[in-house]
2 protein chains.
Amino acid sequence: MSKQESLWTRSRQAVYAEITSVAMKLFLEQGFEQTTIDQIAATAAISRRSFFRYFGTKEDIVLGDLASQGILMRDTLEAIPLSVAPWEAIREALRRVGGLTQEPDVMLKVAKMMYETPSLRARSIEKHLQWQELLVPNIRLRLGLDADDRRDPAADAIVSSAIACLDVAGQIWTRTGGTADLADLYDRAVLAVRAPDDRTA
Amino acid sequence: MSKQESLWTRSRQAVYAEITSVAMKLFLEQGFEQTTIDQIAATAAISRRSFFRYFGTKEDIVLGDLASQGILMRDTLEAIPLSVAPWEAIREALRRVGGLTQEPDVMLKVAKMMYETPSLRARSIEKHLQWQELLVPNIRLRLGLDADDRRDPAADAIVSSAIACLDVAGQIWTRTGGTADLADLYDRAVLAVRAPDDRTA
DNA sequence: TGCCCATCTGGCACCGAGTGCCAAGCAGGC
DNA sequence: GCCTGCTTGGCACTCGGTGCCAGATGGGCA
């Protein structure tokens, strides 16, 4: 059962890769919205119907990683001792997962596309919101709350803000044409948010 | 020109109100996604085509206010002296605009719908992101930056986090069935985000 | 009163995303 | 070689949204 499984699992993964590769190429060439699913399916030599058996939506081709990365973030976060404070723990989890890494090549173009295409941006936010549900329980514990205390806004606020900072960092990163350092931008974002309301910046 | 304008402007606004009223009723009865535009148009006694002349998308019926509220927030924020620190200024602008007000009746059901309907949630976030562009320039000034310094993440991060806090507050508010105080939830959210990483909570 | 113009409206055809259904193909197990 | 289960493709359909055109409406003006 396990050998055979890995057989068509492998072929399935090959199809995934093929679709993704083909689609990404088309997206970067003609833009996301200008590329139809029929076109992707035709180029990948599968039927339109089969495409939807691999990807639920067109956006999932670009944002597929985000869902799994959320799980990864949760697991990583849970591996960090509860004695570590929330912001620090999130920052460390991001570092370990590699959410602060960037390879200027293709990534910049993809990022630009994500920030400029409304439907894509919306979906990416949506996926990030799912991170919230995944990470909040652990942050509650770090705040000394019950893991399922759904009436205290503290943990949700911290996670949500952290994700907002990550998003902003990515945004600025694309604005600078990928020249800035993503991790640094994130740190500066968090710093700005959490700095006391005194003079200077 | 001005008197006549107000004439068909009034009738136009009447149609707006009619559509909104009819649609909202249908949404609350059968859910957002279960209500088709044909149904709304038929109930409002207009053609499907005309509907789209009043609302660009189905979501706009529910979220129409958010766009104009963004403008209002910007204007309000700009009326607050630059000597007021960012977070404080945003908080004050929210208070003045009434973004922290809640009327438990219909509002709770609408809010629940918004948080439970993916497409609606996505669009609402999208609209909130437009707030960011509107509010950031003013916040930059409060930080001593140029109003169009697009390379510093600080202002974007603060605005984005504030909106995240507002969103979280609304979320918890609906979770509590509208019993909690929205302004209080927002304040607690901000407090949690900005509290120093000391031991305990 | 009658004409002119601008605007709003409805209806039609069309597109693209996404779903349900069913029949054909292609495994592997017995 | 047959049965079984999963995958595939194709078809028809729904729904949101757009472009286009023809007709109604109504106000301004001679």
Side-chain angles (χ1 to χ4, degrees), chain A residues 1-20 22-23 26-27 30-64 113 117-124 126-127, chain B residues 1-20 22-23 26-27 30-64 113 117-124 126-127:
Chain A
M1 259 304 192
S2 56
K3 299 280 165 83
Q4 288 80 359
E5 209 171 357
S6 70
L7 253 177
W8 54 260
T9 284
R10 206 180 314 158
S11 87
R12 187 172 176 85
Q13 224 127 14
V15 179
Y16 262 109
E18 172 68 7
I19 296 178
T20 306
V22 155
L26 288 172
F27 290 160
Q30 3 170 317
F32 182 80
E33 287 172 325
Q34 281 64 43
T35 306
T36 71
I37 290 183
D38 294 80
Q39 204 179 352
I40 299 171
T43 314
I46 56 169
S47 76
R48 167 192 171 69
R49 196 63 189 83
S50 281
F51 169 86
F52 282 110
R53 291 196 179 96
Y54 285 90
F55 295 93
T57 71
K58 198 165 76 163
E59 287 80 14
D60 281 352
I61 306 176
V62 183
L63 304 173
M113 188 173 75
T117 310
S119 75
L120 217 41
R121 184 131 172 73
R123 291 266 187 185
S124 104
E126 220 179 330
K127 300 249 174 188
Chain B
M1 260 306 190
S2 57
K3 299 276 164 84
Q4 287 80 356
E5 209 171 358
S6 71
L7 254 178
W8 54 260
T9 284
R10 207 180 313 157
S11 89
R12 187 172 175 85
Q13 224 127 16
V15 179
Y16 262 109
E18 172 69 6
I19 297 177
T20 308
V22 156
L26 288 171
F27 289 159
Q30 2 169 317
F32 182 80
E33 287 172 327
Q34 281 63 45
T35 306
T36 72
I37 290 183
D38 294 82
Q39 204 180 351
I40 298 171
T43 314
I46 56 170
S47 76
R48 167 193 173 68
R49 196 62 189 83
S50 281
F51 169 87
F52 282 110
R53 290 196 181 96
Y54 286 89
F55 294 94
T57 69
K58 199 165 76 162
E59 287 81 12
D60 282 352
I61 306 175
V62 184
L63 304 174
M113 189 173 75
T117 310
S119 76
L120 217 41
R121 185 132 171 73
R123 291 265 188 186
S124 103
E126 221 177 330
K127 301 249 175 190

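Residue numbers start from 1 in every chain, and the chains themselves are labelled A, B, ... in the order their sequence lines are given, proteins ahead of strands.
When distances are taken from the side chain of A/S47 to each of D/dG9, D/dG16, C/dG11, the shortest belongs to D/dG9. If you check D/dC21, C/dG18, D/dG10 against the side chain of B/R53, the one that comes closest is D/dC21. Taking every side-chain heavy atom of B/E59 into account, D/dG17 is the closest of D/dG9, D/dG17, C/dG16. Minimum atom distance to the side chain of A/R49 is reached by D/dG9, of the listed D/dT8, D/dG9, D/dG17.
Whole-Å rounding puts the B/F51 CZ to C/dG11 C1' distance at 17 Å. Whole-Å rounding puts the B/Y16 OH to C/dC8 P distance at 11 Å. Following rounding to the nearest Å, B/I46 (CD1) and C/dT9 (P) show an atom-to-atom distance of 8 Å. In this structure, A/F55 atom CZ and C/dT19 atom C1' are separated by 18 Å, rounded to whole Å. Between the CD atom of B/E33 and the C1' atom of D/dC15 there is a distance of 12 Å, rounded to whole Å. Rounded to an integer number of Å, the gap from A/F52 CZ to C/dG16 P is 12 Å. When the P atom of C/dG11 is taken as reference, atom CG of B/D38 falls 12 Å away, rounded to whole Å. The distance from atom CZ of A/R12 to atom P of D/dT7 is 6 Å, rounded to the nearest whole Å.
Judged by distance alone, the side chains of A/S119 and A/E59 do bring a donor and an acceptor atom under 3.5 Å apart.
Within 4.0 Å (heavy atoms only), A/Y54 reaches sugar-phosphate atoms of the nucleic acid but no base atom. Within 4.0 Å of A/S119, counting heavy atoms only, lies no atom of the nucleic acid at all.
The two residues B/A44 and B/V22 have their closest heavy-atom pair at N-CG1, 4.2 Å.
Classification of the A/F32-A/F27 ring pair by plane angle, with boundaries at 30° and 60°, yields tilted.
For D/dG9, one of the phosphate oxygens OP1 or OP2 lies less than 4.0 angstrom from a side-chain nitrogen or oxygen of A/S50.
When each of A/K58, A/R49, A/R48 is paired with A/D38, the salt bridge (charged side-chain N to carboxylate O under 4.0 Å, His left out) condition holds for A/R48 and for no other. The side chain to side chain contact (heavy atoms under 4.5 Å, CB included) test with A/L26 singles out one residue from A/T36, A/T35, A/I61, and that residue is A/T35.
Ranked by how close their nearest DNA chain C nucleotide is to the 5' end, B/R48 and B/A45 are led by B/A45.
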